Amino acid sequence: MRESSFDFSTTLGSAWFPAPVFTASGCASSGRELSQFFPLDEIGAVVTKSVMLKERLGRPTPRMAETPSGMLNSIGLQGPGIDAFLAKDVPWLVENKARVIVSIAGETVDEYGVLARRLRSVPGISAVEVNISCPNVDNRGLVFACDPESAKAVVESVRRTLAGDLPIIVKLSPDVTNIASIARVVVDAGADALALINTLLGMVINTDTMFPHLGGKTGGLSGPAIRPVAVRAIFQVHEALPKVPILGMGGVRTGRDAFEMILAGASGVSVGTASFGNPTALIDVQNELKQLLISKGFNSVQEAVGFAHRPSKANP
Amino acid sequence: MRESSFDFSTTLGSAWFPAPVFTASGCASSGRELSQFFPLDEIGAVVTKSVMLKERLGRPTPRMAETPSGMLNSIGLQGPGIDAFLAKDVPWLVENKARVIVSIAGETVDEYGVLARRLRSVPGISAVEVNISCPNVDNRGLVFACDPESAKAVVESVRRTLAGDLPIIVKLSPDVTNIASIARVVVDAGADALALINTLLGMVINTDTMFPHLGGKTGGLSGPAIRPVAVRAIFQVHEALPKVPILGMGGVRTGRDAFEMILAGASGVSVGTASFGNPTALIDVQNELKQLLISKGFNSVQEAVGFAHRPSKANP
Amino acid sequence: MSSINRHSQQVVATILSNKRVGQYHQILINVGEIVKHCKPGNFVAIKVGGDHSSLILRRAFAISRVSDRGEYGGTMELIVAPHGSGSRWLCTQEVGSSLDLVAPLGTPFGIPTEPVQALLIGGGYGSAPLFGLAEVLKARGCRVDMILGASTVAKIYAPIEGKRSVNSLKIYTEDGSTGEMGKVTDPLPSLISEGAVDVIYSCGPMGMLQAISGITSNTDVVHQCAVEESMACGVGICMTCVLPVRKSDGSIAMLRSCIDGPVMDGSSVAWELVGKNAMTP
Amino acid sequence: MSSINRHSQQVVATILSNKRVGQYHQILINVGEIVKHCKPGNFVAIKVGGDHSSLILRRAFAISRVSDRGEYGGTMELIVAPHGSGSRWLCTQEVGSSLDLVAPLGTPFGIPTEPVQALLIGGGYGSAPLFGLAEVLKARGCRVDMILGASTVAKIYAPIEGKRSVNSLKIYTEDGSTGEMGKVTDPLPSLISEGAVDVIYSCGPMGMLQAISGITSNTDVVHQCAVEESMACGVGICMTCVLPVRKSDGSIAMLRSCIDGPVMDGSSVAWELVGKNAMTP
Ligand SMILES: Cc1cc2nc3c(=O)[nH]c(=O)nc-3n(C[C@H](O)[C@H](O)[C@H](O)COP(=O)(O)OP(=O)(O)OC[C@H]3O[C@@H](n4cnc5c(N)ncnc54)[C@H](O)[C@@H]3O)c2cc1C
Ligand SMILES: Cc1cc2nc3c(=O)[nH]c(=O)nc-3n(C[C@H](O)[C@H](O)[C@H](O)COP(=O)(O)OP(=O)(O)OC[C@H]3O[C@@H](n4cnc5c(N)ncnc54)[C@H](O)[C@@H]3O)c2cc1C
Ligand SMILES: Cc1cc2nc3c(=O)[nH]c(=O)nc-3n(C[C@H](O)[C@H](O)[C@H](O)COP(=O)(O)O)c2cc1C
Ligand SMILES: Cc1cc2nc3c(=O)[nH]c(=O)nc-3n(C[C@H](O)[C@H](O)[C@H](O)COP(=O)(O)O)c2cc1C
Ligand code: FES
Ligand code: FES
């Protein structure tokens with residue numbers, strides 16, 4: 001395989017991207033900050049921090065704790081609200097030729113619909129990521145992604161509003177008994193693609209103060225520590241729903257890790273926490289991934305998606 | 001606090017242990033191997049590898065993969081079966097003055113009852129750990145611990161058989177949407193204590209062969225990587241059921257880690273994977289934990305259990 | 001903000017020296033070209049723990065001083081307190097070993113265009129960036145007084161060369177082991193009422209910065225403080241390092257101390273809300 | 001098994017030398033007293049990646065040679081192939097650095113009480129423990145022939161001193177870059193039928209061990225092989241390193257290669273079941 005004829009592009013639903021490496025929501029702010037380190041148009045797309053309807057200050061500090069090969073965060077969806085976001089952040093990204101996936105988060109089912117409506121006519125957006133891993137205010141604070149009924153209602157509401165204008169990527173939580181069954185529910189409700197996985201719920205106790213370390217008590221666990229859980233989730237969901245594109249994430253730090261997720265069934269890979277330790281992680285992962293795919297004889301990303309599911313000689 | 005008057009003992013249900021540090025099931029074989037490195041009577045107790053009714057060869061190799069700050073295993077409950085185990089392993093442990101917690105695993109609800117019956121009159125056993133994190137053969141391979149109904153049935157069956165002879169510790173899986181609700185179900189069904197947590201389901205793909213690395217495809221994730229998930233589970237369950245003793249585990253490597261779990265609500269702590277990297281980990285953890293508790297001014301282990309739940313001045 | 005971190009780069013640098021000074025380590029690093037863009041107040045983010053490290057986040061350290069002369073080209077000095085695993089690892093790195101770092105990061109101290117009376121206040125290793133700042137202020141014709149404080153003498157960092165760049169230096173320790181017994185804030189009210197201070201530059205524990213802000217609050221004294229919040233990324237992408245800052249309309253914004261700081265206007269920080277639930281804006 | 005690992009200890013040892021030899025590193029470590037208990041076939045488990053390592057498991061290496069004389073007291077030599085992150089880290093450790101290791105572990109090669117004709121077969125770094133074994137066998141009056149093989153010359157480990165302790169040494173490479181072109185198993189059938197071999201001692205890739213077992217299966221030749229399975233603990237507590245072994249009644253047991261091995265009776269290993277679902281016993 002010569003590099004020149006290798007097809008590095010990928011698709012998520014009807015959205016096309018020239019490369020399969022993306023930022024992870026909440027790990028690239030609105031994109032500007034990383035653009036000091038590399039041109040944003042070189043990667044597949046910028047997935048923006050989940051935006052809510054109103055401005056939000058988020059959780060008290062400390063908002064982070066480092067853990068072995070991982071970290072906890074409890075940002076609490078701090079952000080400017082959808083209006084300021086659409087007025088300032090999206091135009092800047094479009095001007096800088098970045099492809100944009102907007103991540104939205106609501107406190108109620110209706111809020112998701114309202115957020116989706118705001119996005120409908122905004123130029124330059126490639127897809128919407130629906131982050132359902134936040135607590136449902138109407139329903140005892142239950143996380144939408146942990147409850148099939150709530151998850152379904154959210155996706156239906158977004159689907160109704162967008163009606164095919166933009167591909168819908170639904171982001172799931174790994175903190176469920178059966179992720180493949182939740183995946184099936186949201187796909188039936190209208191998801192075009194799935195993002196797997198959000199952080200795992202975790203806690204660190206500060207042994208000096210003898211209280212939970214984070215201002216928000218619990219936090220989301222991310223980074224290399226969780227990669228085996230992410231790969232398992234991607235593998236299980238791809239096995240159950242082989243035709244549904246997956247945006248894989250959770251602990252990707254090198255091209256090898258991205259390749260692992262593609263073999264498990266991801267069509268694209270997001271890099272989150274790794275950028276905190278290495279501001280050019282996205283570019284490094286992307287270059288290494290391309291070399292790996294070529295060296296393994298693949299002609300395109302697409303050929304490698306889910307390759308680990310092929311029948312083996314040893315265990316047919 | 002002077003060391004001499006410090007009370008390092010703990011209890012799990014009606015069972016008393018002179019120290020709160022235990023082996024983790026499956027991470028100390030039957031105890032003999034570790035006794036080359038330290039006397040077994042120095043630690044709280046040996047929790048034996050989950051034993052099944054019949055001899056079992058387990059899963060094909062490779063059975064392990066190292067992951068960032070963790071590892072996957074897919075042993076598949078290899079073991080000699082309950083009869084050989086009771087004939088050979090338990091007497092040896094008793095002879096060597098180790099306190100013994102026997103871990104049992106069944107493929108059906110009835111098997112658990114049968115296993116419990118075999119233990120009833122065996123001298124020298126302090127408690128039974130019921131590992132319900134294995135697949136239920138009768139019920140589509142669903143893991144008992146992931147299904148409240150199956151979990152309940154198993155615990156009831158063991159409870160009926162043991163009728164107070166031995167404390168029952170039920171070991172839960174973190175791979176559930178709501179661990180506190182499963183905890184409540186098994187306590188209502190008769191568990192005297194809970195063991196938290198078993199491994200997380202994970203996968204590594206070998207990027208050379210481009211197949212899942214483990215012979216069993218998926219495996220259980222253990223080690224420091226999962227500690228934040230374990231601490232969170234212990235904290236949540238202790239909050240929901242403050243009177244139920246918890247045996248905490250998942251990534252404990254130092255005295256600080258054990259202390260963290262005790263603050264979260266554990267009455268005792270098991271050390272598993274850490275022994276693979278350091279054969280005297282149990283002794284090191286135990287010594288460090290004791291020093292920490294004393295330096296923080298506690299008079300006993302008991303005083304520190306769940307201490308992180310006290311109201312704080314900052315967030316009353 | 002789009003100009004912030006415009007000059008920051010990731011470089012692999014070599015340790016030229018590593019000396020214990022009291023309870024700190026003074027570490028000199030050969031960083032090359034980037035020193036040209038380093039200003040007092042900027043910080044550096046360092047990868048710790050080696051190639052297979054389980055510590056995945058960089059650690060932030062104030063740039064104490066830079067030099068672009070000398071036999072090694074651009075060098076940077078850090079003053080590191082061995083606190084937890086990452087900073088301890090750094091303190092044990094030997095001369096000749098490599099460090100992966102990103103610098104310069106964050107906002108620098110603002111330098112007045114006119115000569116003013118500047119008071120520099122440092123707590124513990126917080127004095128590190130103040131000596132470089134003093135030199136710049138002196139070159140602008142400012143009067144530069146300095147007050148350093150710490151719990152005990154071993155935590156005072158005050159190199160002899162540094163003393164030359166200030167007009168006066170006063171030291172306070174809580175245990176009285178050197179200088180006056182007391183806190184850096186003790187002399188402040190009288191200095192301010194005497195009109196001896198136009199601008200305070202401070203760096204040190206958050207409690208100290210808050211106390212100084214309290215004292216300067218109803219005065220004309222400008223207070224530029226270098227804050228210190230737990231940081232996961234250091235480059236503005238994670239939102240973990242935020243501080244509550246009062247906007248002109250009185251509402252609260254949570255600003256990132258890595259990119260909208262570390263140097264902030266002390267009077268705008270809503271100190272009473274740090275670590276509290278800030279609620280809606 | 002209760003006597004196995006009776007002498008094993010965790011020690012912090014110092015690297016005395018680290019030389020590249022072909023594609024391997026020859027690493028000499030000052031381990032002290034424990035050498036007294038190290039026998040050919042035993043292995044050592046080493047902590048890798050430094051203090052904050054994300055690599056939480058030890059790495060196993062055959063003990064190539066030990067010496068309890070010399071200026072340093074007890075020393076141990078390892079031959080390490082840079083394979084993945086842990087072994088590569090080990091190969092980059094410099095003279096003077098410390099290693100945390102547990103040794104000696106596992107079963108040693110069985111030494112015949114009578115003088116026999118021994119054939120030692122090593123594949124790649126598998127030759128490492130064979131030279132020490134050769135010395136012991138020679139001292140017992142055995143005839144010792146050695147065959148080494150690898151894909152290419154850089155993967156043949158055959159130190160000059162080592163050659164002195166064998167009666168003959170033959171080398172095979174798959175690419176013919178040194179010695180004969182071919183495999184170590186090529187000459188076996190004729191050597192056996194000539195009656196030139198009583199016992200084979202082998203160490204190398206599992207495929208090679210299996211092939212030798214195939215050739216010896218219907219002969220009187222005893223085959224002691226040192227196997228290599230992925231190991232998490234190295235001390236018998238995790239059950240990850242198992243191999244299917246045929247018991248006398250024909251049923252299969254899964255034995256731990258760390259504690260019931262690495263040296264095993266080649267004829268009892270159910271090679272065809274390695275990595276397969278062994279089902280019920
Ligand atoms: C802008 C800035 C400048 C600093 N300048 C200096 C300096 O000149 N000299 C010096 O000794 N220290 C300085 N610090 C503090 C230094 O960053 C921490 O001591 C260090 O990060 C602790 O890491 P650790 O691994 O030793 O401790 P751990 O407690 O094990 O660290 C755990 C995690 O928390 C983070 N963390 C813990 N404490 C702090 C803290 N105080 N600030 C930011 N992150 C923290 C770490 O980055 C790490 O991710 C500065 C911090 C900031 C934000
Ligand atoms: C008894 C025994 C003796 C050995 N002797 C030698 C020797 O003398 N020289 C030498 O170069 N190598 C030897 N090996 C192989 C050596 O242990 C592996 O090359 C090494 O563990 C690979 O670690 P890594 O981090 O470089 O690779 P990785 O592939 O990154 O290792 C990942 C994990 O898999 C395990 N693993 C991977 N390959 C092996 C393997 N072949 N055997 C056991 N565990 C493995 C590692 O221990 C680690 O936990 C021996 C192995 C065993 C079991
Ligand atoms: C600091 C931080 C903030 C995050 N914020 C969001 C968010 O706003 N929306 C979202 O869907 N996921 C969010 N995530 C989750 C990541 O997008 C990603 O799913 C997760 O971190 C796993 O990937 P990683 O290990 O590469 O970071 C956040 C993660 C981190 C670490
Ligand atoms: C190799 C291995 C085998 C295990 N076998 C069992 C088992 O038989 N029964 C059980 O209840 N848990 C088993 N576990 C889970 C541990 O007991 C423990 O719950 C888990 O590993 C988390 O603790 P750790 O991180 O300290 O290892 C096993 C874990 C490992 C790593
Ligand atoms: S440390 Fe990440 S935004 Fe400031
Ligand atoms: S490596 Fe753990 S039992 Fe052999």
Side-chain angles (χ1 to χ4, degrees), chain B residues 23-24 26-38 46 49 54-81 92 96 208 213-216 219 222-225 251 253 272-281 284, chain D residues 1-10 45-49 52-59 84-86 100-102 105 206 227-245 251-260 270 273-281:
Chain B
T23 67
C27 301
S29 200
S30 59
R32 269 179 238 231
E33 297 79 1
L34 279 183
S35 73
Q36 309 288 356
F37 296 94
F38 60 87
V46 171
K49 172 141 194 69
K54 302 258 169 61
E55 182 183 354
R56 236 174 110 102
L57 296 182
R59 294 258 183 83
T61 52
R63 286 180 170 186
M64 73 98 172
E66 197 184 42
T67 69
S69 297
M71 67 172 281
L72 289 180
N73 86 79
S74 68
I75 310 299
L77 294 171
Q78 174 180 346
W92 186 90
N96 284 267
D208 291 330
H213 180 81
L214 297 176
S222 65
R253 189 167 46 177
T273 304
S275 292
F276 302 168
N278 172 14
T280 57
D284 297 347
Chain D
M1 75 116 269
S2 67
S3 68
I4 281 272
N5 294 349
R6 190 155 38 100
H7 296 295
S8 54
Q9 272 186 44
Q10 184 172 353
I46 302 184
K47 191 169 177 302
V48 291
H52 304 287
S53 184
S54 62
L55 311 172
I56 61 166
L57 303 172
R58 285 173 187 265
R59 304 307 195 246
S85 16
D100 174 340
L101 54 86
V102 181
L105 294 170
M206 296 291 267
V227 301
E228 194 183 302
E229 248 305 340
S230 275
M231 290 183 179
C233 77
V235 298
I237 59 178
C238 74
M239 309 299 283
T240 60
C241 64
V242 297
L243 279 182
V245 169
S251 69
I252 296 292
M254 297 298 273
L255 296 191
R256 289 163 290 185
S257 57
C258 67
I259 199 165
D260 302 311
L273 293 179
V274 174
K276 300 275 166 22
N277 237 319
M279 309 290 155
T280 37

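Per chain, numbering begins at 1; letters A, B, ... match sequence-line order. A quick note: this is a predicted structure, and the numbers were derived from the prediction, not measured.
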Shortest non-hydrogen contact from [X] to [Y]?
{"X": "Pro60(B)", "Y": "Gly275(D)", "value": "CB-O, 3.5 Å"}
{"X": "Gln10(D)", "Y": "Thr280(B)", "value": "OE1-OG1, 3.7 Å"}
{"X": "Arg58(D)", "Y": "Gly277(B)", "value": "NE-O, 2.6 Å"}
{"X": "Ile259(D)", "Y": "Glu33(B)", "value": "CD1-CG, 3.8 Å"}
{"X": "Ser29(B)", "Y": "Arg256(D)", "value": "OG-NH1, 3.4 Å"}

In terms of heavy-atom proximity below 4.5 Å to chain B, should Val235(D) be classed as side chain, backbone, both, or neither? both
Value rounded to 0.5 Å, distance of [atom1] in [X] from [atom2] in [Y]:
{"X": "Glu229(D)", "Y": "Thr61(B)", "atom1": "CD", "atom2": "OG1", "value": "4.0 Å"}
{"X": "Ile237(D)", "Y": "Gln36(B)", "atom1": "CD1", "atom2": "CD", "value": "12.0 Å"}
{"X": "Ile252(D)", "Y": "Glu55(B)", "atom1": "CD1", "atom2": "CD", "value": "11.0 Å"}

Ignoring hydrogens and angles, tell me if any N or O in the side chain of Arg63(B) forms a donor-acceptor pair with the backbone of Val242(D) under 3.5 Å.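 Pair absent, no side-chain N/O of Arg63(B) close to backbone of Val242(D).
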Check whether any side-chain N or O of Glu66(B) sits under 3.5 Å from a backbone N or O of Leu57(D) as a donor-acceptor pair, and report yes or no. yes
Residues Leu57(B), Met254(D); criterion side-chain contact (heavy atoms from CB on, under 4.5 Å); working and verdict: CA-CA 6 Å; Leu57(B) 296 182; Met254(D) 297 298 273; 3.8 Å; yes
Thr240(D), Asp100(D), Leu243(D): which one forms the most heavy-atom pairs within less than 4.5 Å of chain B?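 Going by pairs under 4.5 Å, I would pick Thr240(D).
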Would you check, one step at a time, whether the test side-chain contact (heavy atoms from CB on, under 4.5 Å) holds for Phe276(B) with Ile56(D)? CA-CA 8 Å; Phe276(B) 302 168; Ile56(D) 61 166; over 6 Å; no
With a 4.5 angstrom heavy-atom cut-off, could you sort out which part of Thr273(B) is near chain D: side chain, backbone, both or neither? side chain
Among Cys233(D), Cys238(D), Ser230(D), the one residue meeting side-chain contact (heavy atoms from CB on, under 4.5 Å) with Met64(B):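 Looking at Cys233(D), Cys238(D), Ser230(D), the match for Met64(B) under the side-chain contact (heavy atoms from CB on, under 4.5 Å) is Ser230(D).
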